[in-house]
Amino acid sequence: MRASQFHIRTTKETPNDAEIVSHQLMIRAGFIRRLGSGLYTLMPLGLRVVRKIEAIVRDEMNSAGAVELLMPSIQPAELWEESGRWEKFGPELLRIQDRHGRDYCLGPTHEEVITDIARRDIKSYRQLPLNFYQIQTKVRDEVRPRFGVMRSREFIMKDAYSFSLGEESLQACFDQMHTAYCNVFDRMGLEYRAVEADSGSIGGAQSREFHVLADSGEDAVVYATEGDYAANMEKAAVVCQTSRGDASESMATVDTPGVHTIAELSAKLDINETQCLKTLLVKGTTTAVVALVLRGDHQLNEVKAEHLDEVASPLTMADANDIKTAANCDAGSIGPVGLSIPVIADADAATMSNFVCGANENGKHLTGVNWGRDLAEPQIRDLRNVIEGDLNPMGTGTLKIVRGIEVGHIFQLGSAYSEAMGATVLDENGKPQVMQMGCYGIGVTRVAAAAIEQNNDAQGIIWPESIAPFEAVICPVNMVKSEAVQAAAEVLYQELKAAGIDVLFDDRPLRPGAMFADMELIGIPHRFVISDKLLANDEVEYRGRRDSESSVLSRSDVLTKLRK
RNA sequence: CGGGGUAUGGCGCAGCCUGGUAGCGCAUCUGCUUUGGGAGCAGAGGGUCGUAGGUUCGAAUCCUGCUGCCCCGACCA
């Protein structure tokens with residue numbers, strides 16, 4: 001490709017509405033252009049990257065035996081009513097009506113459509129297992145689109161759906177996709193982790209998220225210092241490592257006017273937050289509210305809490321009236337002593353002794369409180385987020401927390417959709433059996449952004465070779481003045497093209513500095529400079545995008561350099 | 001949806017407080033010079049100051065409503 005015939009628009013100024021580096025660089029280098037909130041045009045450079053990512057994904061999916069198809073973005077409401085998600089999905093589902101007033105949605109995901117296809121097309125266990133995938137534009141009416149293409153309302157996603165008979169076959173499909181995903185991210189040269197994830201309300205099944213590690217990531221990823229345990233924050237299990245001390249103090253009431261938070265409480269009484277007990281009231285299933293108690297320095301894990309039978313789903317904090325009724329005080333003064341509602345304690349909270357908690361009376365707290373003596377022993381569950389230094393639940397080492405960008409998710413759906421929509425096959429006995437499903441997603445456009453988050457410097461983007469918009473660029477110095485440079489650049493360009501290299505020939509009449517700056521901003525991995533001076537010795541200058549200095553090589557070594 | 005911010009040529013901003021001819025940098029166009037790290041000089045084009053109303057002789061500027069966008073919280077690839 002000749003740069004003069006390719007649309008390259010770069011800017012020195014950083015757009016003021018771009019917060020994270022990938023967004024800034026994608027805009028500055030002209031990969032994307034914003035059309036509206038969460039809506040982006042993929043400019044020619046951006047599309048090239050996306051196409052390369054798609055090619056890798058497609059290749060690995062095909063290798064894993066998945067077959068590609070393409071489903072419509074517009075989906076009839078009836079299908080979503082069948083699965084129950086027309087109601088459940090909420091405002092993120094962008095709904096539209098046609099001219100006849102019929103309801104549709106713009107597909108945020110395609111379980112319904114694919115299950116409809118499966119139930120019509122798959123009749124026999126002999127056809128299984130089968131894995132369909134597509135690379136397609138998804139629409140989600142995000143509450144808050146941000147970070148450019150990282151969280152946009154319209155984005156490109158690879159989604160695959162497997163159909164199996166029996167859980168063993170589902171597991172095999174899942175494992176196969178796990179391997180394929182690792183291959184995909186390996187080939188893109190990304191630093192990532194596959195982590196255990198919560199499987200949500202469907203329950204039981206396996207779920208794994210693939211996170212590209214980056215400080216700007218929106219998710220917390222937990223991993224063990226030893227062994228290969230890794231999970232997202234929602235899922236990461238806590239191993240209680242403390243045991244309860246003796247009840248050496250007696251319970252007493254202290255005045256704590258104006259104290260509402262654990263931080264204020266520990267400051268007021270000059271004690272550590274670990275000595276305070278935090279009590280949260282949430283809506284319950286059989287009772288109006290349920291008390292959840294945690295050690296003061298610990299954070300409630302809302303997903304874990306939501307899974308409890310006693311707790312209403314979705315998790316809802318009790319409102320002021322509920323609190324008044326249950327605890328006879330305001331939030332900030334609640335404690336578990338004397339409550340007549342279920343009290344569920346995090347394991348670490350249950351091992352506390354002589355602790356401080358709210359007295360269920362505004363402006364008062366209790367000190368020296370002990371389980372079993374001052375109040376009944378609580379139910380014990382894992383309720384909190386892990387913190388750095390917690391024990392690895394697998395028994396080796398401790399846990400660390402890093403930030404991650406979720407770029408992929410593989411998930412065993414089981415029979416959730418196939419059962420609701422009647423997707424069955426006949427087994428070898430001629431009996432109808434509900435198919436087991438798995439679903440597997442990769443956020444293609446998000447991968448591009450994640451790759452930049454992980455690979456950039458002050459000059460701009462540093463694309464991993466496999467997804468760079470161009471593999472190499474030829475920069476002729478002062479080509480307008482030198483026919484020799486022009487001719488040599490042209491020859492090299494033709495040579496690299498013939499060798500199958502995806503090469504950009506920067507034939508724009510730019511001064512060298514501007515040209516280099518552009519190409520570094522755009523992030524092309526390999527640069528070859530041609531000038532009169534170099535030509536005199538039959539040489540070419542080479543610089544890898546990560547190199548701090550250029551090197552000079554013989555003209556004949558250019559291809560070898562690229563093939564290395 | 002709650003909280004905060006912002007809206008002025010394509011982009012980044014100043015001007016607003018204290019009302020009186022809309023300005024700067026980048027980008028664009030023309031010419032000359034320049035050509036190994038985002039060139040210099042000279043010239044040119046481009047803005048109903050988000051929108052609707054109000055105050056005023058006069059509003060980018062003061063007041064009110066609305067809208068867009070961005071950032072912080074609950075969702076997801």
Side-chain angles (χ1 to χ4, degrees), chain A residues 9-20 23-24 27-28 30 33-39 53 57 88-93 108-110 135-160 181 197-198 200 207-212 217-219 232 234 300 302-303 306 314-317 404-411 439-450 459-460 475-482 485 508-521 527 529-534 541 543 550 552:
Chain A
R9 284 286 290 188
T10 59
T11 163
K12 273 188 272 189
E13 314 246 19
T14 301
N16 83 109
D17 57 359
E19 203 63 15
I20 62 172
H23 187 195
Q24 293 171 346
I27 301 257
R28 278 191 55 205
R33 181 133 315 157
R34 199 180 71 90
L35 179 65
S37 175
L39 301 172
I53 294 169
V57 169
K88 267 205 298 201
F89 211 89
E92 211 175 304
L93 186 65
T109 173
H110 280 66
I135 297 176
Q136 198 237 16
T137 299
K138 296 281 184 275
V139 176
R140 293 185 191 177
D141 197 357
E142 289 284 348
V143 191
R144 191 156 89 76
R146 65 187 136 172
F147 304 148
V149 103
M150 193 77 87
R151 176 179 300 279
S152 52
R153 291 197 291 181
E154 189 177 307
F155 59 99
I156 299 172
M157 175 169 152
K158 185 285 300 177
D159 47 329
Y181 273 44
D198 187 79
S207 170
R208 202 147 291 204
E209 291 172 353
F210 288 77
H211 286 263
V212 166
E218 294 186 81
D219 300 293
N232 67 11
E234 294 172 353
L300 177 69
E302 300 194 3
V303 172
E306 191 172 304
L315 185 79
T316 315
M317 300 306 285
I405 300 164
E406 187 186 353
V407 290
H409 195 173
I410 59 178
F411 193 92
C439 74
Y440 318 93
I442 291 180
V444 172
T445 30
R446 183 181 282 182
V447 166
Q459 271 58 252
C475 294
V477 171
N478 201 9
M479 188 172 85
V480 276
K481 280 280 172 64
S482 168
V485 167
R508 297 174 299 169
L510 287 184
R511 298 162 58 88
M515 191 184 284
F516 296 158
D518 259 4
M519 291 306 129
E520 280 160 9
L521 176 61
R527 182 183 81 191
V529 179
I530 291 179
S531 71
D532 279 317
K533 209 164 53 183
L534 291 156
E541 182 191 283
R543 182 145 168 187
S550 310
V552 172

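Computation of the quantities below employed the complete heavy-atom set of this structure, encompassing side-chain atoms and omitting hydrogens, waters and symmetry-equivalent molecules. Numbered from 1 within each chain, the chains take letters A, B, ... in sequence-line order.
- Across all strands shown, rG58(B) forms no Watson-Crick or G-U wobble pair with both key distances under 3.5 Å.
- A straight line from CD of E13(A) to P of rG25(B) spans 12 Å, rounded to a whole angstrom.
- Residue P15(A) is the one, among P15(A) and L534(A), whose nearest nucleotide of RNA chain B lies closer to the 5' end (criterion: closest heavy atom).
- Using Watson-Crick or G-U wobble geometry with both donor-acceptor distances under 3.5 Å, rG2(B) finds its partner in rC72(B).
- Remark: E19(A) does not engage R146(A) in a salt bridge, criterion side-chain N to carboxylate O under 4.0 Å.
- Nucleotide rU21(B) forms no Watson-Crick or G-U wobble pair with any nucleotide shown, as no partner meets the under 3.5 Å limit on both distances.
- Scored by the side-chain contact (heavy atoms from CB on, under 4.5 Å) test, E13(A) finds T11(A) as partners (sequence neighbours excluded).
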Carefully, step by step, assess R153(A) and D141(A) under the rule side chain to side chain contact (heavy atoms under 4.5 Å, CB included). CA-CA 5 Å; R153(A) 291 197 291 181; D141(A) 197 357; 3.5 Å; yes

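- Among the protein residues, T10(A) comes within range of the nucleic acid bases, having at least one heavy atom under 4.0 Å from a base atom.
- Nucleotides rG23(B) and rG46(B), compared at atom P, are 13 Å apart to the nearest Å.
- R511(A) places its CZ atom 8 Å from the P atom of rG40(B), with the value rounded to the nearest Å.
- The heavy-atom pair separating I530(A) from V485(A) by the smallest distance is O-CG1, 3.7 Å.
- A gap of 15 Å separates the P atoms of rU55(B) and rU61(B), to the nearest Å.
- Here, rC66(B) and rG47(B) have their P atoms 31 Å apart, quoted to the whole Å.
- Taking atom C1' in both rG12(B) and rA27(B), the straight-line distance is 11 Å, to the nearest Å.
- In a base pair of the Watson-Crick type (N1 to N3 plus N6-O4 or O6-N4) or a G-U wobble (N1-O2 and O6-N3), with each distance short of 3.5 Å, rA39(B) is matched with rU33(B).
- Side chain R508(A) to base rG38(B): no donor-acceptor pair is found below 3.5 Å.
- Side-chain atoms of M515(A) and M479(A), non-hydrogen and from C-beta on, never get closer than 4.5 Å to each other.
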Using a 4.0 Å heavy-atom cut-off to protein, can you give one letter per nucleotide of nucleotides 70-77 of chain B, 5' to 3': B if the base is in contact, S if only the sugar-phosphate is, - if neither? SBBBBBBB

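- Spacing of C1' atoms, rC49(B) relative to rG19(B), comes out at 15 Å, to the nearest Å.
- A cation-pi arrangement is present between R527(A) and F516(A), with the terminal nitrogen or guanidinium carbon under 6.0 Å from the aromatic centre and inside a 45° cone about the axis.
- Listed by chain and residue number, H178(A), Y181(A), F185(A) satisfy the ring pair (Phe, Tyr, Trp, His ring centres under 6.0 Å) test with F210(A) (two or more places apart in sequence, or in another chain).
- Between the P atom of rA27(B) and the CD1 atom of I27(A) lies a distance of 19 Å, rounded to the nearest Å.
- Note: CG (L521(A)) to P (rC11(B)) measures 18 Å, nearest angstrom.
- A gap of 30 Å separates the P atoms of rC71(B) and rC17(B), to the nearest Å.
- Residues L521(A) and R28(A) meet the side-chain proximity criterion, which asks for heavy atoms closer than 4.5 Å.
- In this structure, rA14(B) makes no Watson-Crick or G-U wobble pair, since no nucleotide meets both defining distances under 3.5 angstrom.
- Comparing the P positions of rG25(B) and rG40(B) gives an interatomic distance of 12 Å, to the nearest angstrom.
- In this entry the distance linking CZ of F516(A) with P of rA39(B) reads 12 Å, nearest Å.
- You'll find the side chain of R446(A) reaches within 4.5 Å of the side chain of E406(A), heavy atoms only.
- For N478(A) against rG36(B), a side-chain-to-base donor-acceptor contact under 3.5 Å is absent.
- Under the Watson-Crick and G-U wobble criteria, each requiring two contacts below 3.5 Å, nucleotide rA44(B) is paired to rU28(B).
- Here the nucleotide nearest the side chain of R28(A), chosen from rA39(B), rG38(B), rG36(B), is rG38(B).
- With both pairing distances under 3.5 Å, rG53(B) is matched to rC63(B) as a Watson-Crick or G-U wobble pair.
- Within 3.5 Å, no donor on the side chain of R543(A) pairs with an acceptor on the base of rG36(B), nor the reverse.
- When distances run from any side-chain atom of K12(A) to the nucleotides rG12(B), rG36(B), rG38(B), the shortest one goes to rG38(B).
- rA14(B) and rU6(B) are spaced 15 Å apart, taking the C1' atom of each and rounding to whole Å.
- Counting atom types as modelled, R9(A) pairs no side-chain N or O with a base atom of rG10(B) as donor and acceptor under 3.5 Å.
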